[in-house]
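Data block below; observations after.
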Amino acid sequence: CEIKQLSDCLIRLLLDRRDGTRTSEALTPAAAARDEFQEELVIRPLHSGDIYASFQFRTLWDTDFLQEGQKVSHYRLFPKSLGQVLSKFSVRELHISFTQGFWRTMQWGQPFIPSPPGAELWVWFHDTVSDVDGNWKELTNVLSGIFCASLNFIDLTNTVQPSASFKPLGLGNATDHRFLRYATLPREIVCTENLTPWKKLLPCGSKAGLAVLLKSEKLFHSSFHSQAVHIRPVCQDEQCTSKAWELRQTLNVVFDLYTAGQGKKEWSLFKMFSRTLTEACPLATSSKVYVDITDNPELFELSPATPLLSQAVVLGDRRTYSVFDLTRAETFGQLRSLNLLLRWKGDGEMLRPLLHAERYVAGFGLQTGEIHTVIYNNHPYRAFPVLLMDSVPWYLQLYIHTLTVTSKSRDNKPSYIHYQPAKDRHRPHLLEMLIQLPPHSMTEVTVQFERALLKWTEYTPDPNHGFYVGSSVVSALVPSMVAMNTNFTQDQPLFSSFVPVKEESSYFVRVYTEPLLVNLPTPDFSMPYNVICLTCTVVAVGYGSFYNLLTRTFQVDEPSLPLAKRLANLIRRIRGVPLLT
Amino acid sequence: MGLLSDPNRRKALTGLLTRLNTPICIVCYLAGIVWFMGLAFEPFTLRTYMSENAMGSTMVEERFSSGERALSLAKEFDPPSACCGLNGMPVEWLVKAMQSRGLEVFTQSFSRKLPFPDENKERYMVRGTNVYGILRAPRAPRTEALVITAPCSPGNTNNQAVALLLALAQYFRNQIYWAKDIIFLVNEHDLIGTQAWLEGYHHTNITGMEYSPLQGRAGSIQAALSLELSSDVITSLDLVLEGLNGQLPNLDLANLFYAFCQKLGVLCTIQGKLQRNDWDTAEGYTHAAQTMMLMVLKQACGRSWGDHGLFLRYHIEAASVRGINSFRHYKTDATTIGRLLEGMVRKLNNLLERLHQSYFFYLLPSLSRFVSIGYYMPAFGLLAVILLLRALDLWVHLGAPALAAVDGVTEPSSPGVLTVLTPVVISHLTGVALYLLPVHLQEMAVEHFPVSETEAVVLTAIAIYTAGLALPHNTQRLLSGEGTEQGWKVLKLTALLYLAVLLGCTALINFSLGFILAVTLVPITASITPHMPKALYAVVMVLLSPAFTILYCVFIYQELIEAPVSVSEGWMLFLSVISQGILDHALYGSLVYPLLALFIYPCWLMFWNILFWN
């Protein structure tokens, strides 16, 4: 063990020497030593036959750059691009995720860190910020550049300030939601161009450690792909004497049995990522691979076997993991490479998640519709409250008086409702509700809406595709079957320590529903010429003739006399005799 | 518009129109019919072409190869009574089969009590289960879906289609390129099952169906294909497009089918008729005209001619592909049909937007030729303009004495509102009776007469229809003693304009229905006056009434599908068509029956009233 520490120190020194931008204050050994980087991969075989791989990379940075007058210019493990962004925009906490696909809760259970399809960004600003909207606008544009994503489409029309659903996950007790901004882009497509900048934020890049597995051709050949960056202030140690910044980069991917497995129920690291592991990232203090073997040996068989086992309470369930410590040479064995192999033996039962939600649009036609959100509580005997948050774009005009919440065919009155109506072209609807879910029940939230007619410049280039409505968010403290671990320890696996656990009896879950695709009344854009011609003709003919008829004065015409009579009258006038008529 | 503001020229114009009214009307009528018949002539029609960019240029390679497996699956599915026999659909077998192919499987049970027994399909209390499996597209957020459906109903051996559906599901599941979820639906009791599923999916209830709510959904459905293979041996594939209320799917869907038939060398038909290349011969033209007439007749009757028809209401483009065994030498194997469907689904999967580029209003004289709305509307317009011309004529005649009154000549006072209103109201009340009573009086009828419920409904309808002929006329005599010349003219003017509006609106929604009604109603309504030989014209009017129009359509339809019927068979068919029309309205919301009962028939009664005016 000592030898390993020594070698770590050596590597660090070497790297430090290579670092040209080193400044004098960074030389203090304490500061340098307290930056740390951990990497972790959890592999969970799912009952459906698919396999879930979750990467977490955590960088801790022992600086408080938000303090006045302190300018930070030295970056070692923490990516400079993000650090500068954090200090420039006074960000207290930042969560951004890019997801391609939809997490199938009913088949896969709960993910370690949930995320909605598309891009999601939520940021808590420091309470010293005066112009939050301005900072938000600039921040989204900068992040859009960093992650190569169209986050610049986030503007006031899709930004909301949830009052209760998104609390800070890190230190500090911010409650004033004026400093919170939340936005989703359900249409955002995630691909390699987003993965590359994300990988660049890692201290080892994709050169060493677990990150060598992140090959885009395999990661995007999957059922679900989600990558995220979470930045928040955390405690540096157990006593919480000092603050540190935590950067967590997570990447979740689910590989599909049918499209990748060629029907054989067999998985290996090589088959999943077309790579095997050969070393840990030299900068990492810990580098581990966990394999969830709770269902072993009934379900599958794992090779090579490892004596290291670890137990963790995750999402209300006590799970057992085989641990492969990549910092130890014996993990790699004779071949000097680690290739985990999982062989399925039987079919598992589908597990029923305790909390599950789905959403759809009801009705037909292009005038009105109804949004249904269905939330399932599958707990056999415990009721628990959930916070439902819906952010609906302005062009669906919600009839909030039609809002109904029913559970077990009875009216269920939410104990808290926060509703902010939309302003056309300025602000989306925000609806937050605290709903008590009875045990073993289905709760249905419905609200009717009318589809707005957009101005012709407001349509997207593909108007007939439809318009997206972001996922609604269900946040809940779900009663746990087993006691949750409330005390914070350093050597806890990363996947179990993301959301702080405050009480033993319940755990926090966030469930995202599917986004909606709604068709709005769309003009036939292929016929502008016809429309112009028709309108002009109608105006010219209709209006012209009406105007003519309305303004013309009609008089009864005196029939003019024949020429002979007129001549006769001329003669009569001269003669002074009465004229002929 | 000096023409209208100048009284002299206005007078000249109206004078011309009134003087030449009858010849103009006759010319218009003939021109309308000729125009319509000309639509089937190939040089006058357009060649179909793929408008949708996403489906046109993208290359799709068909690799489906498990047609044999599908056939053996069909045999497994087939054990004489297991499928589609008296025991209903083997739900568990299907659920297991779909689950083993990696789909998310859900079931939906439904029940529906028909307003009266359906004698064609022998059902009254319908209870069934729909099974559907969703293939989740990888990395797609469940916002879009495609549907492939195979009806599986008692008495209809569609197990080939179900087996092919399962084989396709298995093949599709292993592919990575899906961007939209694909729903494989096996529905029981054909249209009723589809209706229940669609209503469940969209959480609506428009027809009083009872169904269990759906558990799994996949966002907004972009397109649907219905597959019906009635026999083991398939020689050609028929495309069915006509949907509920005469709605048609986007023409690009038909183009897509045609393109793949061409590519794979499959014989494809529409209305069961193959395409011919000899357009310049009389036979070639007749063939095209027959195909088009079949489409017009099918569209006019407003019912859904396949499972696809019900999807159209929900703005889902859908078509049915029907395998036909016409005992030709050339046979198409299951693999080829599978490839055809694979290609179509893959191209639909490539869609970036809903199908919207091509036409929604068209007639097809063959699969490669189409008549767009711009070409066929003039035919109807020529018929409708007759009504307007007659109305103008009457208006001028009614206005002329009023001008004379200025000169101080005394005229009998113009007829009161009641004279016109009474027949209008009575006609419409008869219409309401025709709409409501048949279904509601069936029990009473069954008690008193030795007939079945279905017969009771149809015969009540016919009885009310006939009774209506005796009822309303001569009411004005009770009010004002004597029917005046002015009276019937005002009534006829109202009725003409009413009919013009009715037919115009109908033709906009369902051209075929509007056109067929116009062909029979326009000549008699335009020419009717009380001064004609009553008996003769009464017979002519009855022979051109809406009910007889339906009867003629039945005979023409049978003639066109090359299954001519005798008069008595035709009469039985006519009765069943009426009962089907009422059932379609109750079950799926078809609007033809209420349109005829509540509007067209009362309007016709108003003209009937004029004939007996004095």
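Every chain is numbered from 1 and lettered A, B, ... according to where its sequence line falls, protein lines coming before strand lines. Every heavy atom of this structure was used, including side-chain atoms; hydrogens, water molecules and symmetry mates were not.
- With a threshold of 4.5 angstrom between heavy atoms, R136(B) approaches chain A through its backbone and through its side chain.
- Residue contact with chain A, scored on non-hydrogen atoms closer than 4.5 Å, involves the backbone and the side chain of Q215(B) alike.
- Side chain of H465(A) to main chain of L352(B): a donor-acceptor pair is present (N/O by atom type, distance under 3.5 Å, no hydrogens or angles).
- Counting heavy atoms of neighbouring residues, nucleotides and ligands inside a 6.0 Å radius, atom CD of E217(A) exceeds 12 of them.
- Heavy atoms from other residues, nucleotides or ligands lying under 6.0 Å from CD of E193(A) number more than 12.
- Two residues are said to be in side-chain contact when any heavy atoms from C-beta on lie closer than 4.5 Å; R104(A) and E104(B) meet this criterion.
- Side-chain contact between F102(A) and R142(B) is present, with at least one heavy-atom pair separated by less than 4.5 Å.
- The pair D256(A)-R173(B) meets the salt-bridge criterion, with a side-chain N (NZ, NE, NH1 or NH2) lying under 4.0 Å from an Asp/Glu carboxylate O.
- Within a 6.0 Å radius of CZ in R451(A), other residues, nucleotides and ligands contribute more than 12 heavy atoms.
- The structure places CG of N464(A) at 11.0 Å from CG of L351(B), a figure rounded to the nearest 0.5 Å.
- Looking at R139(B), its side chain does come within 3.5 Å of a backbone N or O of F220(A) through a donor-acceptor pair.
- With respect to chain B, the highest number of heavy-atom pairs below 4.5 Å among S226(A), G363(A), P117(A) belongs to G363(A).
- Residue contact with chain B, scored on non-hydrogen atoms closer than 4.5 Å, involves the side chain of Y376(A) exclusively.
- Geometrically, R217(B) engages Y360(A) in a cation-pi contact, judged by NZ or CZ lying under 6.0 Å from the ring centre and within 45° of the ring axis.
- Neither the backbone nor the side chain of E199(B) has a heavy atom closer than 4.5 Å to any heavy atom of chain A.
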Check the pair E514(A), T143(B) against side-chain contact (heavy atoms from CB on, under 4.5 Å), reporting the backbone distance first and the verdict last.
CA-CA 7 Å; E514(A) 48 271 77; T143(B) 47; 6.0 Å; no

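- In summary, of the residues considered (E353(B), R354(B), H315(B)), a side chain to side chain donor-acceptor pair (under 3.5 Å) with N519(A) occurs for R354(B) alone.
- Residue contact with chain A, scored on non-hydrogen atoms closer than 4.5 Å, involves the side chain of I206(B) exclusively.
- Residues satisfying the side-chain contact (heavy atoms from CB on, under 4.5 Å) test with Q448(A), not counting sequence neighbours, are E370(A), Y399(A), T402(A).
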